[in-house]
Amino acid sequence: MTDQAPASPGMTTEPAPPTPPAVAERPVLDGAGLDLLFREARTHYGWQDRPVPEAKLEEMYNLLRMGPTSANCSPARFVFIRTAEGKARLKQVLSPGNIEKTMKAPVVCIVAHDQAFYDKLGFLFPGAELRGWYADNPALSDATALRNGTLQGAYLIMAARAVGLDVAPMSGFDNYQLDNLFFAGTRWKSNFLVALGYGEAAALPPRNPRLSFDEACRFE
Ligand SMILES: Cc1cc2nc3c(=O)[nH]c(=O)nc-3n(C[C@H](O)[C@H](O)[C@H](O)COP(=O)(O)O)c2cc1C
């Protein structure tokens, strides 16, 4: 038995609704990729005695530079400290708790930004004549350099992980003193440091918790 009235004789049946066009599936990272970038990635404090080739840092940069910045302004500048002399200079400005782990890292990157980033906008964002818009407004250009330079520092962290490196970001140092030691006479300003290398997993403390979706997000 059915509630549906039987079709009367001669009644034509409804045509089937059109099939929606197939939506092409986008490629997504597999579980191993998500583990590498996020789920298993940790901030490292102990380092293997394994050098980081220059080509690896270039590979990392060539990925991170593709991350978006406002008007493609790309204000971040990166200084890779590898020598004993460079590390000795850096050591003077580190907070005491950061000295040992930083000195042992094969490479330490100063994530900085160029406050005169707008000088390169003719190349980076051609045809829009944006230079004056920033150059004539230091409050806007400084905020733009810091915001986008910070984003590029985050892209560096993810790009490093994508090419198989481990990272330890650090803000425990004296920015003013660092700028005097490394960037005197320029418009470059330090933001934070990222130690780079191959981490010693055995030296890791347990992972701290993160906020749940409901705690950190809401819909409007
Ligand atoms: C911008 C920034 C600054 C940080 N500064 C320091 C620091 O000065 N010293 C330190 O030991 N860890 C520092 N950390 C490391 C964080 O405490 C660590 O990344 C966080 O607890 C997450 O750890 P996990 O990646 O192992 O889960 C910093 C991290 C970031 C992103």
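Start at 1 and go down the list; that is how both ligands and their atoms are numbered. Please read these numbers as outputs of a predicted model, since none were measured by experiment.
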Q: I'd like to check which ligand 1 atoms, numbered from 1 as shown, lie under 4.0 Å from a non-hydrogen atom of Arg42.
A: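 In order of numbering, the contacting atoms are 24 (P), 25 (O), 26 (O), 27 (O).
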Q: Tell me whether Phe173 reaches ligand 1 (any heavy atom closer than 4.0 angstrom to a ligand atom).
A: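 Outside the 4.0 Å threshold, so no.
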Q: Do any nitrogen or oxygen atoms of Asn208 lie less than 3.5 angstrom from nitrogen or oxygen atoms of ligand 1?
A: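 No - when backbone and side-chain N and O of Asn208 are compared with those of ligand 1, no distance drops under 3.5 Å.
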Q: Which distance, rounded to the nearest 0.5 Å, do you find between the CZ of Arg42 and the CZ of Arg161?
A: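 Spacing of CZ (Arg42) from CZ (Arg161) equals 9.5 Å.
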Q: Checking contacts here: is it the side chain or the backbone of His44 that comes within 4.0 Å of ligand 1, counting heavy atoms only? Could be both or neither.
A: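 Under 4.0 Å from ligand 1, His44 contributes no heavy atoms.
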Q: For the side-chain hydrogen bond (donor to acceptor under 3.5 Å, both in side chains) test, which of Lys87, Arg82, Arg89 pairs with Glu85?
A: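 That would be Arg89.
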Q: Under 4.0 Å from atom 21 (O) of ligand 1, do we find at least one protein heavy atom?
A: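 Looking at atom 21 (O) of ligand 1, one finds that no protein heavy atom lies closer than 4.0 Å.
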Q: Which ligand 1 atoms are under 4.0 Å away from a heavy-atom of Gly172?
A: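 Heavy-atom distances to Gly172 below 4.0 Å select 8 (O).
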Q: Report the relative orientation of the aromatic rings in Phe117 and Tyr134; use parallel for angles under 30°, tilted for 30 to 60°, perpendicular for over 60°.
A: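 Judged by the thresholds at 30° and 60°, the geometry between Phe117 and Tyr134 is perpendicular.
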Q: So, do Lys91 and Met103 sit near enough that their side-chain heavy atoms are less than 4.5 Å apart?
A: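 Yes, side chains in contact.
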Q: Below 30° counts as parallel, above 60° as perpendicular, anything between as tilted: where do the rings of Phe80 and Phe78 land?
A: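 The arrangement is parallel - the two ring planes meet at less than 30°.
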Q: Does the cation-pi check pass for Arg50 over Tyr198, that is, NZ or CZ under 6.0 Å from the six-membered ring centre and within 45° of its axis?
A: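 Because its charged atom sits under 6.0 Å from the ring centre and within 45° of the axis, Arg50 does stack over Tyr198.
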Q: For Arg207, counting its heavy atoms only, list the atoms of ligand 1 lying under 4.0 Å from any of them.
A: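 Counting from 1, the qualifying ligand atoms are 24 (P), 25 (O), 27 (O).
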Q: Any non-hydrogen atom of Lys101 lying under 4.0 Å from ligand 1?
A: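 Lys101: in contact with ligand 1 (<4.0 Å).
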Q: With a 6.0 Å cut-off (strictly less than), is the heavy-atom count around NZ of Lys101, excluding the residue itself, greater than 12?
A: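 Yes, because the 6.0 Å sphere around NZ of Lys101 holds more than 12 heavy atoms from other groups.
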Q: For Leu37 and Met158, which heavy atoms make the closest approach, and how far apart are they?
A: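 Closest approach of Leu37 to Met158: O-CE, 3.2 Å.
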Q: Among protein heavy atoms, which sits nearest to atom 5 (N) of ligand 1, and what does the distance come to when rounded to 0.1 Å?
A: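 Looking only at protein heavy atoms, the one closest to atom 5 (N) of ligand 1 is Ser171 N, 2.9 Å.
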Q: Can you list the atoms of ligand 1 that are under 4.0 Å from a heavy atom of Arg210?
A: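 What qualifies from ligand 1 is 22 (C), 24 (P), 25 (O), 27 (O).
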Q: Should we count NZ of Lys56 as having more than 12 external heavy atoms under 6.0 Å?
A: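 Atom NZ in Lys56 is crowded, with more than 12 foreign heavy atoms closer than 6.0 Å.
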Q: Which ligand 1 atoms, with their elements, are less than 4.0 angstrom from a heavy-atom of Asn98?
A: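 Taking each heavy atom of Asn98 in turn, ligand 1 has 7 (C), 8 (O), 9 (N), 10 (C), 11 (O) under 4.0 Å.
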Q: Distance to 0.1 Å, residue and atom name: give those for the protein heavy atom nearest to atom 18 (C) of ligand 1.
A: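 For this ligand atom, the closest protein heavy atom is Thr43 OG1, 3.4 Å.
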Q: Of the protein's non-hydrogen atoms, which lies at the shortest distance from atom 15 (C) of ligand 1, and what is that distance?
A: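 Result: Tyr45 OH, 3.5 Å.
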Q: Which is closest to atom 13 (C) of ligand 1 in terms of heavy atoms, Gly153, Pro205, Pro169?
A: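 It is Pro169 whose heavy atom sits nearest to atom 13 (C) of ligand 1.
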